[in-house]
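In what follows, every chain begins at residue 1, and chains take the letters A, B, ... in the order their sequences are listed.
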Protein chains: 2
Amino acid sequence: MVQAKLAPRPRAEDQTRWRILAVAAECFAGHGYAATSIRDIAREVGITVGAIYVHFPSKDRLLVAVYEEGVRRIGEAVDGAIAGIAEPWARLAAGMRAHLEALLANAGFARVIVRVIPTDVPEAARDLRRLRDGYEARFEAMIEALDLAPDTDRTVLRLMLLGALNHTQTWYKRGAGRADAAGLARQFVATLRHGVARTGSSK
Amino acid sequence: MVQAKLAPRPRAEDQTRWRILAVAAECFAGHGYAATSIRDIAREVGITVGAIYVHFPSKDRLLVAVYEEGVRRIGEAVDGAIAGIAEPWARLAAGMRAHLEALLANAGFARVIVRVIPTDVPEAARDLRRLRDGYEARFEAMIEALDLAPDTDRTVLRLMLLGALNHTQTWYKRGAGRADAAGLARQFVATLRHGVARTGSSK
DNA sequence: GTCTATAATGAACGAACGTTCACTCATCTC
DNA sequence: GAGATGAGTGAACGTTCGTTCATTATAGAC
């Protein structure tokens with residue numbers, strides 16, 4: 001059928017859509033894509049499986065929608081954190097801190113980006129890759145602005161940095177006496193910048 | 001199709017068991033635990049599903065067996081690489097290089113340890129956690145021996161290091177013009193040791 | 001008061017899942 | 001040869017998977 005020429009928006013009742021997205025984000029981030037079933041999500045939301053297909057055409061499109069929202073949220077968090085900071089190292093530190101805070105705040109939308117690898121879902125791999133790259137480009141730019149030793153491979157540095165950041169999800173336990181997101185970001189950036197060797201040790 | 005029936009088999013070989021383990025390692029490392037079915041493994045090995053249950057009582061015990069072999073292999077690789085090296089930083093560099101080489105050589109046994117998170121499989125989480133910790137203790141010891149700046153949190157350093165190492169599996173493409181495992185390990189350890197900031201920049 | 005469009009249900013579809021089991025077959029022991 | 005052993009088969013088990021669909025409920029538009 002042809003789309004209604006004048007589609008009135010009587011009730012912005014896509015509240016259900018948002019609840020599905022939020023629950024799906026938690027499930028995908030918590031147990032992975034393959035281990036999460038449509039029925040798991042429906043049960044958690046409190047609707048039937050059919051209702052999910054009213055809002056999303058398939059499981060992998062639902063994942064892409066979750067990914068999009070996750071990238072949007074963490075991207076905005078990082079953008080907001082680095083806005084107005086000019087000094088390159090301070091910018092990077094602020095960006096890393098915002099990334100860590102989003103990840104460790106246990107928000108499914110952020111964690112799903114780290115947890116679900118694009119190649120896990122072949123039907124959606126292209127979209128997931130594009131979304132990930134779009135987000136990570138921020139760190140590429142932040143690293144580009146740094147004044148580095150001449151022989152530094154910036155690509156390796158970026159991947160090393162993201163690896164350290166995203167690995168936190170595997171081991172970090174909130175309130176476990178460890179440093180918080182801000183403290184972690186501070187130590188990460190200090191390490192990358194100056195190293196951890198005792199000053200004066202042989203080069 | 002069928003093996004030579006007349007060929008004498010003097011010893012009941014557990015060759016099949018090893019083939020199952022190897023194929024399972026590749027599958028679990030490539031697509032994850034939940035996305036790999038017993039039938040996938042059986043098809044790849046060239047046997048029936050029932051034959052797998054002759055050698056392993058369940059899917060999660062098969063995973064544990066793969067994990068054990070993976071930890072044994074990468075552990076021996078690291079032990080061999082650092083044997084005879086006394087200087088702490090050189091030891092760490094050698095260990096990181098061996099870890100990376102095992103990971104990037106595309107060996108399923110090594111990759112599965114990084115890919116499959118213990119909490120993914122509740123029935124086996126305890127065993128997987130124990131095996132992982134046993135392996136990672138090597139890096140804990142190597143880091144303990146380093147002469148570091150007084151305010152350095154060694155735990156955070158270890159997790160940062162492992163994050164950088166294991167994240168390579170996500171992005172590294174063999175022969176893609178990028179540095180090889182040895183080159184990556186060299187840059188990783190140089191970064192951790194002295195940082196990447198241009199010498200003389202403000203502290 | 002109809003008409004239309006959409007949200008949601010509940011049951012069903014075929015396929016795939018992990019697991020079990022009676023059975024065949026080759027080998028080894030006596 | 002008789003019996004035991006253990007690897008491997010092939011079919012089936014009950015369950016869960018992603019997805020579909022006819023139907024009902026609701027609410028603005030005419």
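Residue Ser37(A) places no side-chain N or O under 4.0 Å from the OP1 or OP2 atom of dT16(D). Taking 4.0 angstrom as the limit, His55(A) places a side-chain polar atom (N or O) nearer than this to OP1 or OP2 of dA8(C). Between Thr16(B) and dG8(D) there is a side-chain polar atom (N or O) within less than 4.0 angstrom of OP1 or OP2.
Around atom CZ of Arg97(A), no more than 12 heavy atoms belonging to other residues, nucleotides or ligands sit under 6.0 Å away.
In this entry the distance linking CG of Asp40(A) with P of dT15(D) reads 17 Å, nearest Å.
Taking the six-membered ring for Trp and thresholds of 30 and 60 degrees, Phe139(B) and His99(B) have ring planes more than 60 degrees apart, a perpendicular arrangement.
Distances were taken from every side-chain heavy atom of Ser58(B) (C-beta onward) to each of dT19(C), dG18(D), dA7(D); the shortest belongs to dT19(C). Nearest to the side chain of Tyr53(A), among dG18(D), dT19(C), dG10(D), sits dG18(D). Checking dT19(D), dT9(C), dT19(C) against every side-chain atom of Val49(A), the shortest atom distance belongs to dT19(D).
Remark on DNA chain C: of its neighbouring residues Ala51(A) and Arg39(B), the 5'-side contact belongs to Ala51(A), judged by nearest-heavy-atom nucleotide.
For Arg73(B) and Glu69(B), the salt-bridge test passes: some basic side-chain N is under 4.0 Å from an acidic carboxylate O. With respect to the salt-bridge test (charged N to carboxylate O, under 4.0 angstrom), the residues Arg130(A) and Asp127(A) qualify.
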